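Here's the structure we're looking at; comments come further down.
All of these numbers come straight from a predicted model, not from anything done at the bench.
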Amino acid sequence: MTYHHHARTTAAADVRPLADGRQASVVTSAANAAAATQETAGHTPDPAVSRRADTSLLVPEASATGTSSTPTASRVRADALRMLGCVRMATVRQMAQLITAEGSDGRSYVRRAMQQLKVQGLAETNGKSGRDRIWNLTPSGLKALAEGNELPSRPRAGTGARGIRAGFGPHGIAVTETILAYGGRHHLTGWQVEVNHAIKTIGLSFSTDAVLTLPTATSEASLFEVDNGTMTRARLAKEVWDYERYAGHRVWEGARGTIGRTYDFWARHRYTRSRLFPTLHVVLTGLPEHRLQRRLEALARDVDGITIAVLATTLPRLKRGEPWYELAVDDDYRRRTRYPQAFSR
């Protein structure tokens with residue numbers, strides 16, 4: 001098991017034992033300078049979109065005295081719309097953390113902006129996470145965002161309202177918290193939540209909690225699964241193994257498989273500019289920290305031998321900037337041995 005930092009490339013490692021006696025490499029990181037592309041995660045980008053597009057949110061500029069200027073109401077509303085378009089649901093505190101200057105408390109600005117957006121029919125609240133209201137866009141808000149050409153085209157994007165009303169709001173807020181902890185301020189529009197991965201031929205379908213399109217030397221994106229302490233150990237492990245099944249699916253070249261070659265489904269139809277299958281990041285939260293650590297160690301045992309790259313951590317560790325545990329590395333050779341069957345298109 002290893003450690004790893006936000007959107008970084010692995011540099012060097014030394015070894016430390018985990019609490020359960022397993023060995024874990026502690027990986028130092030070097031920043032990946034590649035800028036995020038504004039595109040739908042895992043799909044071919046619009047050629048008109050620069051590969052070095054700025055995907056960060058603007059924050060209030062510093063004045064000559066070194067203090068931050070007051071954000072304008074219109075900019076706060078626009079940034080709130082843009083943020084909800086990316087993360088789907090958020091509290092006022094989370095929006096203020098991203099929209100206003102670092103180190104400042106901009107909740108009052110955001111609270112007024114959200115009330116104005118509610119009056120305009122662009123945003124609404126359908127539930128709470130603790131004492132905090134959870135905000136999401138309305139269909140009109142999604143339409144306004146699309147018409148403003150502020151985000152990559154996401155025709156299947158939802159508002160999140162149904163999930164909040166069904167009681168899944170706390171999980172969505174945990175996903176947003178993970179995005180913020182991973183440096184969401186700097187590449188917000190590179191994020192997409194609830195991204196479906198499906199292969200009808202083998203009856204496999206699951207939704208990834210979040211996908212960050214931020215190219216590295218080996219992949220165009222990173223995958224994120226967030227467990228809010230509600231899944232059983234077996235269910236969490238199954239979700240991780242489903243990614244290996246997805247990565248291991250191979251298809252015969254040609255309409256009827258007559259060419260005699262096979263290819264990785266994911267490389268041809270999803271992550272077309274990636275050399276390796278994207279790394280899966282698992283973030284555990286929703287429980288006391290000592291229980292999260294035990295859960296992390298159990299996950300390491302449950303996914304032992306998996307052939308995709310898996311990093312895992314707890315949300316408290318992520319917020320403190322501590323390294324990730326590396327549970328597995330990508331091993332295409334072993335994966336092809338484990339999934340030798342190829343399927344017709």
Side-chain angles (χ1 to χ4, degrees), residues 1-7 41-42 86-89 158 160 163 168-184 190-199 204-214 216 219-249 266 270-271 274 276-287 291-319 322-330:
M1 294 172 63
T2 329
Y3 296 103
H4 195 282
H5 285 287
H6 324 297
C86 296
V87 304
R88 193 168 294 183
M89 60 184 76
F168 298 115
H171 178 265
I173 293 303
V175 173
T176 301
E177 199 72 12
T178 298
I179 291 172
L180 296 179
Y182 200 78
W191 288 95
Q192 196 173 353
V193 298
E194 291 299 315
V195 179
N196 183 250
H197 291 79
I199 302 176
L204 180 64
S205 180
F206 58 89
S207 291
T208 302
D209 285 329
V211 175
L212 172 61
T213 303
L214 186 69
T216 68
S219 183
E220 69 202 70
S222 297
L223 313 177
F224 289 77
E225 280 294 334
V226 179
D227 171 35
N228 201 30
T230 57
M231 282 190 285
T232 65
R233 173 177 159 178
R235 171 68 184 277
L236 177 60
K238 180 186 179 301
E239 289 204 355
V240 175
W241 281 100
D242 278 346
Y243 284 90
E244 189 198 61
R245 288 183 61 203
Y246 186 89
H249 185 69
W266 66 266
R270 174 64 76 151
Y271 300 106
S274 298
L276 299 179
F277 186 75
T279 298
L280 175 62
H281 299 68
V282 181
V283 180
L284 308 180
T285 185
L287 297 170
R291 292 182 60 189
L292 292 177
Q293 187 64 27
R294 289 203 300 266
R295 196 167 172 83
L296 191 153
E297 291 165 0
L299 178 64
R301 293 190 293 270
D302 292 339
V303 301
D304 187 33
I306 200 167
T307 61
I308 60 168
V310 181
L311 299 176
T313 192
T314 67
L315 187 55
R317 286 178 56 87
L318 183 59
K319 288 182 175 181
E322 296 177 18
W324 293 69
Y325 289 107
E326 184 178 76
L327 306 190
V329 297
D330 189 90

Q: Give a yes or no on whether the backbone of F224 and the side-chain of H281 come within a donor-acceptor separation of less than 3.5 Å.
A: no
Q. Excluding sequence neighbours, so at least two apart, what forms salt bridge (Lys or Arg N to Asp or Glu O under 4.0 Å) with E177?
A. R93, K319
Q: Can you sort out the partners of R295 under side-chain hydrogen bond (donor to acceptor under 3.5 Å, both in side chains), two or more places apart, ordered by chain and number?
A: D227
(Q) How long is the straight-line distance from CG of L315 back to OG1 of T285, given to the nearest 0.5 Å? (A) 4.5 Å
Q. Taking all atoms of both residues into account, what is the closest heavy-atom pair of E244 and G305, and its distance?
A. OE2-O, 4.4 Å
(Q) Is there a side-chain contact between L311 and L280 in this structure, where contact means two heavy atoms from C-beta onward sitting under 4.5 Å apart? (A) no
**Q.** Under the side-chain contact (heavy atoms from CB on, under 4.5 Å) test, residues paired with E239 that sit two or more places apart
**A.** E225, M231, R235
Q) CZ/R317 to CG/L284 distance, rounded to the nearest 0.5 angstrom? A) 11.0 Å
Q: Determine the minimum heavy-atom distance between V226 and D209, stating which atoms define it.
A: N-OD2, 2.7 Å
(Q) Has T279 got a side-chain atom pairing as donor or acceptor with S222's backbone, closer than 3.5 angstrom? (A) no
Q: Name all residues meeting the ring-ring contact (aromatic ring centres under 6.0 Å, His included) criterion together with F277; count only those two or more places apart in sequence or in a different chain, and write none if there are none.
A: W266
Q.
Which heavy atom of N196 sits nearest to which heavy atom of S205, and what is that distance?
A. ND2-OG, 3.3 Å
Q) Does R291 have any salt bridge (Lys or Arg N to Asp or Glu O under 4.0 Å) partners at least two apart in sequence or in another chain, and if so, which? A) none
Q) Who passes side-chain hydrogen bond (donor to acceptor under 3.5 Å, both in side chains) against Y246, sequence neighbours left out? A) none
**Q.** Listed partners of T208 passing side-chain hydrogen bond (donor to acceptor under 3.5 Å, both in side chains), at least two apart
**A.** H197, Y243
**Q.** Which residues share a side-chain hydrogen bond (donor to acceptor under 3.5 Å, both in side chains) with N228, sequence neighbours left out
**A.** none
Q: Side-chain contact test, heavy atoms from C-beta onward, threshold under 4.5 Å: evaluate it for L236 versus L299 and give yes or no.
A: yes
Q | Flag, side chain of D330 to backbone of L276, donor-acceptor distance under 3.5 Å | A | no
Q: Run the numbers on V283 and T314 for side chain to side chain contact (heavy atoms under 4.5 Å, CB included), then give the verdict.
A: CA-CA 5 Å; V283 180; T314 67; over 6 Å; no
Q. Checking W241 side chain against D302 main chain: does a donor-acceptor pair fall under 3.5 Å?
A. yes
Q. If you measure from OG1 on T178 to CG on L212, what distance do you get to the nearest 0.5 Å?
A. 12.5 Å
Q | Atom pair OG1 (T230) and CZ (F168), whose distance is rounded to the nearest 0.5 Å | A | 8.5 Å
Q: Check P278 against L223 and note the closest heavy-atom contact, atom names and distance.
A: CB-CG, 3.9 Å
Q) Rounded to the nearest 0.5 Å, what separation is found between the CD1 atom of I308 and the CZ atom of R245? A) 12.5 Å
Q.
Using the side-chain contact (heavy atoms from CB on, under 4.5 Å) definition, which of the options V310, V303, L296 pairs with V282?
A. V310
Q. Who are the salt bridge (Lys or Arg N to Asp or Glu O under 4.0 Å) partners of E194, not counting sequence neighbours?
A. none
**Q.** Which residues share a ring-ring contact (aromatic ring centres under 6.0 Å, His included) with H171, sequence neighbours left out
**A.** none
Q. Can you tell me how far the CD atom of E297 sits from the CZ atom of R301, to the nearest 0.5 Å?
A. 7.0 Å
Q) For atom CZ of F206, is the number of surrounding heavy atoms from other residues, nucleotides or ligands below 6.0 Å larger than 12? A) yes
